[in-house]
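All chains are named by letter (A, B, ...) in the order of the sequence lines, taking the proteins before the strands, and each is independently numbered beginning at 1. All heavy atoms count here, side chains included; hydrogens, waters and symmetry mates do not.
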Protein chains: 2
Amino acid sequence: MKLLIVEDDLALSDVLAFTLRRAGFTVALAYDGLAALAVWEREQPDLLVLDLNLPKLDGLAVCRQIRAQSDLPIIILSVRGGDEAVVQGLELGADDYVVKPFSPSQLVARVKALLRRAGRYATPGQLEIGEWVLDRGRNELQSSDSPPIRLTPLETRLLESLLQHTGQVLPSDTLIQLIWGHEGGDRAMLKQLVYRLRTKLETNPAHSLTIENVPGIGYTVEVRTED
Amino acid sequence: MKLLIVEDDLALSDVLAFTLRRAGFTVALAYDGLAALAVWEREQPDLLVLDLNLPKLDGLAVCRQIRAQSDLPIIILSVRGGDEAVVQGLELGADDYVVKPFSPSQLVARVKALLRRAGRYATPGQLEIGEWVLDRGRNELQSSDSPPIRLTPLETRLLESLLQHTGQVLPSDTLIQLIWGHEGGDRAMLKQLVYRLRTKLETNPAHSLTIENVPGIGYTVEVRTED
DNA sequence: TACGGGGGTAACAAAAAGGTAACAGAGGAA
DNA sequence: TTCCTCTGTTACCTTTTTGTTACCCCCGTA
């Protein structure tokens, strides 16, 4: 399980990395906000430990950016322990907020608790739904009884977003955010992408996986389990 | 979204219940460990807020028992803030551990963060009335024992407005404001909308949900509970 | 009886949202 | 280079949703 620690205090960063590695995690490090985003992109960690007070790009901004594009578990570290700060951090999408100073062992426990809750202990690069497996690492959708369907990177992200929220209707704007990030992406492109993905899903004889539209809101995925 | 608060300090319990209810949650209460298990069974809450120091049955024991049978999100409250206590609580299966004293607003934020992470927050906008659930996230009206009725965005807003003021008669002008905002919308359109919504509500065999007119004033919703 | 207002019903038109298709540019691989 | 794939762009068609208008009924009152 890979963690990304973003902390500019080198002493603390070292201690955390040491403790977490001893607890069995793989650790990647970043020392400022911009680097954090780059490393996140490259390393695809399973959890982020994020200090708020960072050079170059504020921790809250990092949190917001990442949360806009993924549901990566995030634990914020901060010296600011006031209610407002905590509430703000959590509302921005963080999952936990730990006030400094704290003990490394407590952080380890919180990391484990969050990973457990986020269900990341299971399939790091694979999403299982019914008879389907979405392999994010190789951009394809595998079924037990038919050849895999090759997807493009964008199609993979779309399907991933939908599958991670099975049963919910994802608003178009939310989807656009999840797929293209802040800038770039509009309704027309989403329309296109949905169309292309649907076309591919239909190539499967028993297309038990369909994308439904809810007018005025967005899209959902329907998983028909075998009758 | 229903929360179960297990706390034997009545003063604190009251404050928490009040704050959480104001945040839009439904709250069930229990004051000792045995009661907690009973209420949990009966109420099937979506999240548990659990004090550790309880009469009759220790909080940790409650946590262990519940965790053994379900993956209910659990937040522990405790005066014991030492590392060992926190680690022990989290390792027992709790998702978060808040040390007293804390502010209600922070607890609300943590509750929300955990629900979000647990994927139980799937329903940020559901209105429950009798056997009906108005799902604003997907524009439909669901009943326990019949297929959902699909609504258009405007119909959803109309029904939502009416349901939020069950028992009151909403003047036509107020409704127009609520549905169309400042500009746009007139009596004729409201008439039409009410007509269309009624038509859809009638498709349900036992139409226990009807929209009544009060001449010269406006409309109300009538909820007939089962006889 | 005639008149007028409020409300219900209906048909039709306009506008918005969604689906489909064709095409072009970027960039990588052969 | 040439040939791919992937992505973005645009256009056009279909469906859904919303707005418009007209006509009816009921009821109270002049």
Side-chain angles (χ1 to χ4, degrees), chain A residues 69 136 138-141 148-162 169-203 207 210-222, chain B residues 136-141 148-162 169-203 207 210-222:
Chain A
Q69 297 174 56
R136 287 179 282 194
R138 87 181 55 200
N139 285 349
E140 61 181 31
L141 184 65
I149 299 177
R150 297 196 35 213
L151 304 177
T152 70
L154 286 186
E155 285 160 1
T156 305
R157 283 220 240 176
L158 169 59
L159 190 53
E160 178 189 348
S161 306
L162 289 172
V169 178
L170 283 180
S172 297
D173 292 327
T174 306
L175 277 172
I176 291 171
Q177 280 284 318
L178 289 171
I179 296 167
W180 284 275
H182 297 287
E183 296 311 318
D186 58 21
R187 303 298 177 95
M189 282 160 65
L190 180 60
K191 242 181 6 180
Q192 253 307 119
L193 192 59
V194 168
Y195 173 60
R196 284 167 174 155
L197 179 53
R198 274 176 176 158
T199 308
K200 288 193 180 173
L201 292 182
E202 278 166 13
T203 65
H207 41 295
T210 56
I211 299 178
E212 306 296 332
N213 171 258
V214 179
I217 308 207
Y219 295 86
T220 342
V221 67
E222 284 282 323
Chain B
R136 283 178 286 188
R138 71 178 66 200
N139 284 350
E140 61 182 31
L141 184 65
I149 300 176
R150 298 198 33 213
L151 305 177
T152 70
L154 285 188
E155 286 160 1
T156 306
R157 285 218 243 174
L158 169 58
L159 190 52
E160 178 189 346
S161 306
L162 290 172
V169 179
L170 282 180
S172 297
D173 292 327
T174 307
L175 276 172
I176 291 170
Q177 277 285 319
L178 288 172
I179 296 167
W180 282 275
H182 301 286
E183 296 310 317
D186 58 22
R187 305 298 178 93
M189 281 160 65
L190 180 60
K191 240 180 12 180
Q192 254 304 119
L193 192 59
V194 168
Y195 172 61
R196 283 167 173 155
L197 180 52
R198 275 177 176 157
T199 308
K200 288 193 179 172
L201 291 182
E202 279 165 12
T203 65
H207 41 294
T210 56
I211 299 178
E212 306 297 333
N213 172 258
V214 180
I217 313 225
Y219 296 86
T220 342
V221 66
E222 285 282 323

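Between A:I149 atom CD1 and D:dC6 atom P the separation is 14 Å, expressed in whole Å. Protein atom CD1 of B:I217 is 12 Å distant from nucleotide atom P of C:dG6, rounded to whole Å. Computed from coordinates, the B:I176 CD1 to D:dT18 P distance equals 16 Å when rounded to whole Å. Between A:L154 atom CG and D:dT7 atom P there is a gap of 4 Å when expressed in whole angstrom units. What separates CZ of A:R196 from P of D:dT7 is a distance of 8 Å, to the nearest Å. Between A:M189 atom CE and C:dG19 atom P the separation is 17 Å, expressed in whole Å. Atom-to-atom, CD of A:E155 to C1' of D:dT7 comes out at 10 Å; the value is rounded to the nearest Å. Between B:R198 atom CZ and C:dG8 atom C1' the separation is 8 Å, expressed in whole Å.
Taking for each of B:Y195 and B:R187 the nucleotide of DNA chain C with the nearest heavy atom, the 5'-most of the two is the partner of B:R187.
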Does the side chain to side chain contact (heavy atoms under 4.5 Å, CB included) test come out yes or no for B:R157 and B:L178, once each step is laid out? CA-CA 8 Å; B:R157 285 218 243 174; B:L178 288 172; over 6 Å; no

Test A:L162 against A:L175 for side chain to side chain contact (heavy atoms under 4.5 Å, CB included), laying out the working first. CA-CA 8 Å; A:L162 289 172; A:L175 277 172; 4.2 Å; yes

Chi angles and distances behind the side chain to side chain contact (heavy atoms under 4.5 Å, CB included) call for A:M189, A:D186: CA-CA 5 Å; A:M189 282 160 65; A:D186 58 21; 3.5 Å; yes

How does protein contact run along nucleotides 22-30 of chain D, one letter per nucleotide 5' to 3', with B for base contact, S for sugar-phosphate only, - for none, heavy atoms under 4.0 Å? ---------

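Note on B:R150: a side-chain N or O is less than 4.0 Å away from OP1 or OP2 of D:dT17. Taking side-chain N and O atoms only, B:Y219 has a distance below 4.0 Å to OP1 or OP2 of C:dG8. An OP1 or OP2 oxygen of D:dT18 is reached within less than 4.0 angstrom by a side-chain nitrogen or oxygen of B:T152.
Annotation: the terminal axes of the helix from C:dT1-D:dA30 to C:dA30-D:dT1 meet at 10°, where each axis is the rotation carrying the C1' atoms of four end pairs onto the next four (5 pairs per end, rounded to 10°).
Among the heavy atoms of the strands lying under 4.0 Å from B:Q192 is at least one base atom, whether or not backbone atoms are also near. Contact annotation for A:L193: no contact, since no heavy-atom pair falls under 4.0 Å across all strands.
Within 6.0 Å of the CZ atom in B:R198, the count of heavy atoms belonging to other residues, nucleotides or ligands exceeds 12.
A 4.5 Å side-chain heavy-atom check between B:L141 and B:L201 finds at least one atom pair inside the cut-off.
Under the salt bridge (charged side-chain N to carboxylate O under 4.0 Å, His left out) criterion, B:R196 pairs with no residue at all, not counting sequence neighbours. Contacts of B:R187 classified as side chain to side chain donor-acceptor pair (under 3.5 Å), with partners at least two apart in sequence or in another chain: B:D173. Looking at residues two or more places apart in sequence or on another chain, you find a side chain to side chain donor-acceptor pair (under 3.5 Å) between B:E212 and B:T210. Residues satisfying the side chain to side chain donor-acceptor pair (under 3.5 Å) criterion with B:K200, sequence neighbours excluded, are B:E155.
In this structure, the separation between CG on B:L190 and OH on B:Y219 is 5.5 Å, given to the nearest 0.5 Å.
Nearest nucleotide to the A:W180 side chain, out of D:dT18, C:dG19, D:dG8: D:dG8.
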